[in-house]
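Both counts, for ligands and for their atoms, begin at 1 and track the order of listing. What you see is a predicted model; the values in this text were computed from it and never measured.
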Amino acid sequence: MAKLKILEFPDPRLRTKAAPVEKVDDALRQLMDDMFETMYAAPGIGLAATQVDVHRRLLVADVSRDGSEPHALINPEIVEKDGVTATEEGCLSVPGYYEEVERAEHIRVRYLDRNGETAEMEAEGLLAVCIQHEMDHLDGKLFVDYLSEAKRMRIRKKLVKEQRHRSPEAVAL
Ligand code: NI
C-alpha cells in the first residue's frame with residue numbers, strides 16, 4: 001500500500017473529466033487500496049481518483065469515522081435521487097475551507113464493485129452528499145464551484161499563497 005499525493009485547488013488537473021474504467025483488474029484494486037489508505041490518513045471521508053491525478057471513474061468513501069464502512073465505486077452513476085439537503089462541505093483538495101452546499105438527500109447509485117460486478121446501493125444523508133461530491137470530482141468539478149465567484153477567488157488566492165509558501169516551484173496556476 002502507498003499513500004498518494006492529493007492535488008490541491010487551483011491545480012488545473014482537478015478540472016480533468018475522468019474516463020470510464022474499462023477493466024477491473026489487480027492494478028485498479030491496488031489503486032483503490034492506496035486511495036483508501038490516503039483518505040484514512042488525511043483524514044477524510046471520501047476521495048476521487050481525480051484528486052490523486054488518476055483520471056478514471058473511481059471513488060472511495062467511508063463516513064463512519066472509524067473505518068468500518070468502506071465503499072469503493074467504479075463508474076458510479078446516479079439512477080435515482082430525491083430531496084434536498086444543505087451540508088457544510090470541505091474537500092481534501094481545498095484544505096481548510098468549509099461552505100454549505102445543497103445536494104440531493106437520497107440517491108440510488110449503480111456502479112461496478114471490486115470484482116467488476118454491477119451493483120447498486122442506496123445512500124442518504126452524509127454518505128449521499130459524499131458520493132455526489134466525489135462524483136463531481138470525476139467531472140472536474142469542485143464544491144467551490146457552487147459558491148459565488150468572489151468567494152471562490154478569495155479561497156483560490158489564499159490557497160495559492162499557502163502553496164507558494166510550502167514549495168516555491170510546485171505552484172500550478
Ligand atoms: Ni473533495
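- Protein N/O/S atoms closer to the Ni ion (ligand 1) than 2.8 Å number 3 in this structure.
- Here salt bridge (Lys or Arg N to Asp or Glu O under 4.0 Å) pairs that include residues 115-135, with residues two or more places apart or in two chains, are Arg108-Glu120, Arg108-Glu122, Arg110-Glu120.
- Following chains of ILVMFWY side-chain contacts shorter than 4.5 Å, one can reach Ile131 starting from Tyr111, so the two form part of one hydrophobic cluster.
- Listed by first and then second residue, the salt bridge (Lys or Arg N to Asp or Glu O under 4.0 Å) pairs involving residues 31-51 are Asp33-Arg114 (not counting sequence neighbours).
- Looking at Ser93 and Glu8, their side chains never bring a donor and an acceptor atom within 3.5 Å of each other.
- Just one of Arg152, Lys151, Glu88 meets the side chain to side chain contact (heavy atoms under 4.5 Å, CB included) condition when paired with Glu99; it is Lys151.
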For residues 76-87, tabulate all N or O donor-acceptor pairs below 3.5 Å that involve a side-chain atom, not counting sequence neighbours.
from, atom 1, to, atom 2, distance (Å)
Asp82, OD2, His106, ND1, 3.2

